[in-house]
Structures are given as C-alpha cells and as structure tokens.
Amino acid sequence: MKSGICPKCKLNEVYTGNSRSLVGVPTSTLHVQPATTYICINCGYYEFYALPGFDLDQVKERFEKVKNKEL
C-alpha cells in the first residue's frame, strides 16, 4: 500500500492520512493510538501503520499474537 499500489486489486487508487478517530488502534477504554491509514478507493482494502511514538507495548498487552501457521 505504501507504494501507492493496492495489493488486492493492483490499481493505483490508494489514498493516505493520519487517523485519530476510532479507526485507530484502541489501547485502553478511553484512548485510541493514532495510525496512518492507507485505503484503496477502488476496492475498499485498507491498512494501518503505527505512527512514531505509538505505544507498541500496550498493543502486546491488549491484543492476541497471531500464531505461525505450519505449511
């Protein structure tokens, strides 16, 4: 997405901006960490990326780690 090309539909209709709304990553009941959002206006696929200063330790406390899938 950061390249401007959508990995899902392969078009260059990707837009970006910083999100400070409930679209960010909730790390407590009253706090949402801001994130940079990339969204394809063709297919609707989107990704979030942590901004500098993002408290990744809180994410580790509140979210479940994705387990590696064996091939």
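We're numbering straight along the sequence, starting at 1. Every value quoted in this text rests on a predicted model; they were computed, and no experiment measured them.
Here Lys2 pairs with Tyr38, Tyr49 under the side-chain contact (heavy atoms from CB on, under 4.5 Å) rule; sequence neighbours left out.
Distance check: Tyr45 OH to Cys6 SG gives 7.5 Å after rounding to the nearest 0.5 Å. Here the OG1 atom belonging to Thr16 is positioned 8.5 Å from the CE atom belonging to Met1, to the nearest 0.5 angstrom. Residue Thr37 holds its OG1 atom at 9.0 Å from OH of Tyr46, rounded to the nearest 0.5 Å. To the nearest 0.5 Å, atoms OG1 (Thr36) and CD (Glu47) are separated by 12.0 Å.
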Side-chain donor-acceptor contacts of residues 7-15 below 3.5 Å, not counting sequence neighbours, with atom names and distances?
| from | atom 1 | to | atom 2 | distance (Å) |
| --- | --- | --- | --- | --- |
| Lys10 | NZ | Pro7 | O | 2.8 |

